[in-house]
Amino acid sequence: MSNNFESDGYKRPQHKLTSVPSTRGILGLVFGIFMVIVYVGMGVLLFINFFNWTNDWAWTRWVVGAVLIVYGIFRGYRTYADLTGKNDN
């Protein structure tokens, strides 16, 4: 007796859902867009010194702001790729 499914004539279905955005669903998509806005918005707020950090912490403000904006752009691309199906394996 063999455990090879193909020798028994059985083949696993290779279906892909193309009508919904990946496996995240609509709630995951909305949350992803919301988080992109939060990341980029927080980075911009740090750049304009909205929180009135002292000059001793200016370098930290610039580094964290840049990282948040870059990560927000990355998350925006990933959300767009999930939406359009470019992320399918």
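We number each residue from 1, following the sequence as shown. When reading the values below, keep in mind they use all heavy atoms of this one structure, side chains included, and skip hydrogens, waters and symmetry mates.
Arg75 places no side-chain N or O within 3.5 Å of a backbone atom of Gly32 that could act as its donor or acceptor partner.
Contact check for Ile33 versus Thr79: side-chain heavy atoms found under the 4.5 Å cut-off. In this structure, Leu68 and Val40 have side chains that are not in contact, with every pair of non-hydrogen atoms separated by 4.5 Å or more. Side-chain atoms of Met42 and Phe50, non-hydrogen and from C-beta on, never get closer than 4.5 Å to each other.
Between the CD1 atom of Ile73 and the OH atom of Tyr80 there is a distance of 15.5 Å, given to the nearest 0.5 Å. Atom CG in Asn52 sits 9.5 Å away from atom CZ in Arg61 (nearest 0.5 Å).
Leu83 and Ile26 end up in the same hydrophobic cluster when Ile, Leu, Val, Met, Phe, Trp and Tyr side chains are linked at under 4.5 Å. Residues Val38 and Phe74 fall within the same hydrophobic cluster, defined by Ile, Leu, Val, Met, Phe, Trp and Tyr side chains chained together at heavy-atom separations under 4.5 Å. In the hydrophobic clustering of ILVMFWY residues, with side-chain heavy atoms under 4.5 Å counting as a link, Val64 and Ile48 come out together. Residues Val36 and Phe34 do not share a hydrophobic cluster, clusters being chains of Ile/Leu/Val/Met/Phe/Trp/Tyr side chains in contact below 4.5 Å. Linking Ile, Leu, Val, Met, Phe, Trp and Tyr whenever their side-chain heavy atoms come within less than 4.5 Å leaves Val70 and Phe47 in two separate clusters.
Other residues, nucleotides and ligands contribute only 12 or fewer heavy atoms inside 6.0 Å of the CH2 atom of Trp57.
Relative ring orientation between Tyr39 and Tyr71 is described as perpendicular, the plane-to-plane angle rising above 60° on a 0-90° scale split at 30° and 60°.
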| Test side chain to side chain contact (heavy atoms under 4.5 Å, CB included) applied to Trp53 and Leu46, step by step | CA-CA 9 Å; Trp53 288 13; Leu46 285 174; 3.9 Å; yes
